[in-house]
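Convention: sequence-line order gives letters A, B, ...; per-chain numbering from 1. Because the structure is predicted, anything quoted here is derived from the model rather than measured.
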There are 2 protein chains.
Amino acid sequence: MLYAVIPAGGSGTRLWPLSRAGNPKFLHDLTGSSATLLQATVTRLGPLSPPEMTYVVTGVAHAAAVARQLPELPEDNIVVEPSPRDSCAAIGLAAAIIDRRDPGAVMGAFAADHLIADEKAFQETVAAAVEGAQTGRLMTVGIRPTHPETGYGYIHVDRTGTVTEFCEKPEYERAVSYVDSGDYLWNAGMFVWRVDAFLAELKRQQPDLHAGLRRIAAAWDTGEREQVLGEVWPGLTKISVDYAVMEGAAAAGKVGTVPGDFGWNDIGDFHTLGDLLPGDEAGNVVLGEAKNTALHNTERVVVVPRSGRLVAAVGVHDLIIVDTDDAVLVVPRDRAQDVKKIVDALKESGAADYV
Amino acid sequence: MLYAVIPAGGSGTRLWPLSRAGNPKFLHDLTGSSATLLQATVTRLGPLSPPEMTYVVTGVAHAAAVARQLPELPEDNIVVEPSPRDSCAAIGLAAAIIDRRDPGAVMGAFAADHLIADEKAFQETVAAAVEGAQTGRLMTVGIRPTHPETGYGYIHVDRTGTVTEFCEKPEYERAVSYVDSGDYLWNAGMFVWRVDAFLAELKRQQPDLHAGLRRIAAAWDTGEREQVLGEVWPGLTKISVDYAVMEGAAAAGKVGTVPGDFGWNDIGDFHTLGDLLPGDEAGNVVLGEAKNTALHNTERVVVVPRSGRLVAAVGVHDLIIVDTDDAVLVVPRDRAQDVKKIVDALKESGAADYV
């Protein structure tokens, strides 16, 4: 058994205009199943973490939706951040709360918006990581790369299974050399550790952030939660857990890994989503009501009809077409990552309504 | 029709140890009905405000509970404050959001934890206040006092129905003179106004607070809600709406009132609660399972058995006995208001777990 901590933040900008900051991808059913990505994440972790041991960390904008999508979770396990402070504060707060409620327990951190094809293999991999964590190491679940993907970070593993380095998203040629070497895994952002071991590393590397999170956790189960959160949270360092803790812990030889082969995908963009979902004989994928589309002589298009309007396409291929109430997106599949640039440009131009 | 805004904050310290900051009175069924005080408040306002026009403003600690207790409310109507900033920020934020979604609409602010006996009379009184608000006045619902209560604030009304003054909780003799004069009403903290009229008064009297709330409201329905809230909210002035707006508006002749006679009670303490609820022939009131109490020769005691233990009392009268899992309270009914002092002392001594 482990405590599952699910940070549910971020907006999934590469899935704009379907995913918005106000309606982020983890709250969506993106794959045509009846569960949202967040619900599927909790279900997948169920055999390892019962609801009492499952925590979601989310922001003020989505607290109500999270509470309703996961009615089986105790209210005290829905941790609401006053403002976005990146992943180290989010995951660290959960760790500090759990350490008070159950000192020395093992927790895992799992993104709310990933897809996993083989749930059993996933559960076995995590169970192996729990064993590793019990020795005091900070464990990651690394994904054996299937191709030289430039959209993911990598981790370098030595022959003993110790992680020596966390690597940024590489250029293509470097990605090829990573995959060819056999010494690199994709960094899926899944971590498993004893909360005391993690907090000790946090204290060593980020003493101020550690002190702030401990102060909040001490007030959490008292009547002063909101006061102390209001005082301490805005001053916490905004930093990812990779930068804040994992890189330094790897350099100190404290990070282990369990490689996983379970069909992992972070559904980063519509192109990837199109690859994941079944299409027609020409490879066209409709994410929504097929009756709202009219496709003639199209190949490998990804169509997302969500406004009720008819989306018609003729003679195009490898194209993404997303239709929502207030925005339509058309982009080639090989430029799918660039959707983020449109969102950034909209923000800068003050058109935040569309973001 | 009006927008109903329900600030659901505060812990109800005079109902400690039943009501805690972590489990405040509005989330409780205090009266033995099947609905919590918050749910009863929304139901009572139902004929005036459908769910789409009902807003609850609450803190990070209770967002999940509020979302689950009120499944009929749209998620966008559950406004989560990053930290407690008193009633003017809470009510003002709702007003600013509503003003963007429906400019010039009429809203009312109603506490989440009041009891009202005559719902029809309440609804008629509020409807009359809505009419007054449409002229641009800031309306209050005042309660015709039934006795010289020192636990409530009062409002002074002139012969035209204009409120000239908001008065602090009075000493007993002053309370008697207020009631005798016939010119004073209890201030029940219920306000009805056009959002634009309220925001104009807020701008006149509290320009910085007004500017901050407008900035947040402009970002509310965009992807930047959490960022802007995180930046602006911690710097907002912490002040009640009475001090910030209503007193100054009354001095400027802009406040009207509709007197109400609908059996209003704010359930401030266990003594009041004992008066409201039916008792046995000796006036004893049990709030909870009667089988968990053994009362012999007691009169007018209020017993709250909530731990499952047996609460036995012999030969006492006019006493409050509250038994919870981690705290037992015994206090005479005429000292019921002083429970707040225990809570303050617990906070100061660092025993925040009990608060």
Whether Glu226(B) side chain and Val60(A) backbone form a donor-acceptor pair below 3.5 Å: yes
N/O donor-acceptor pair under 3.5 Å between Arg68(A) side chain and Arg68(B) backbone: no
Most contacts with chain A, counted as non-hydrogen pairs under 4.5 angstrom, among [options]:
options	result
Ala63(B), Ala218(B), Gly59(B)	Gly59(B)
Leu229(B), Leu73(B), Asp76(B)	Leu73(B)
Ala219(B), Gly230(B), Pro82(B), Pro24(B)	Pro82(B)
Ser83(B), Pro234(B), Ala67(B), Gly9(B)	Ala67(B)

Proximal component of Arg20(B), with respect to chain A [non-hydrogen, under 4.5 Å]: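 When you check distances to chain A, no heavy atom of Arg20(B) falls under 4.5 Å.
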Heavy atoms from other residues, nucleotides or ligands near NZ of Lys341(A) exceed 12 (cutoff 6.0 Å): no
Crowding at CZ, Arg309(B) (>12 non-hydrogen neighbours, <6.0 Å): yes
Contacting region of Pro71(A) [heavy-atom separation from chain B under 4.5 Å]: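 Answer is backbone: N, CA, C or O of Pro71(A) sit under 4.5 Å from chain B.
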Neighbourhood of chain A inside residues 90-98 of chain B, taking heavy atoms under 4.5 Å as contact: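 No residue falls under the 4.5 Å cut-off.
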Gap between atom CG of Leu346(B) and atom OG1 of Thr222(A) - 0.5 Å precision: 11.5 Å
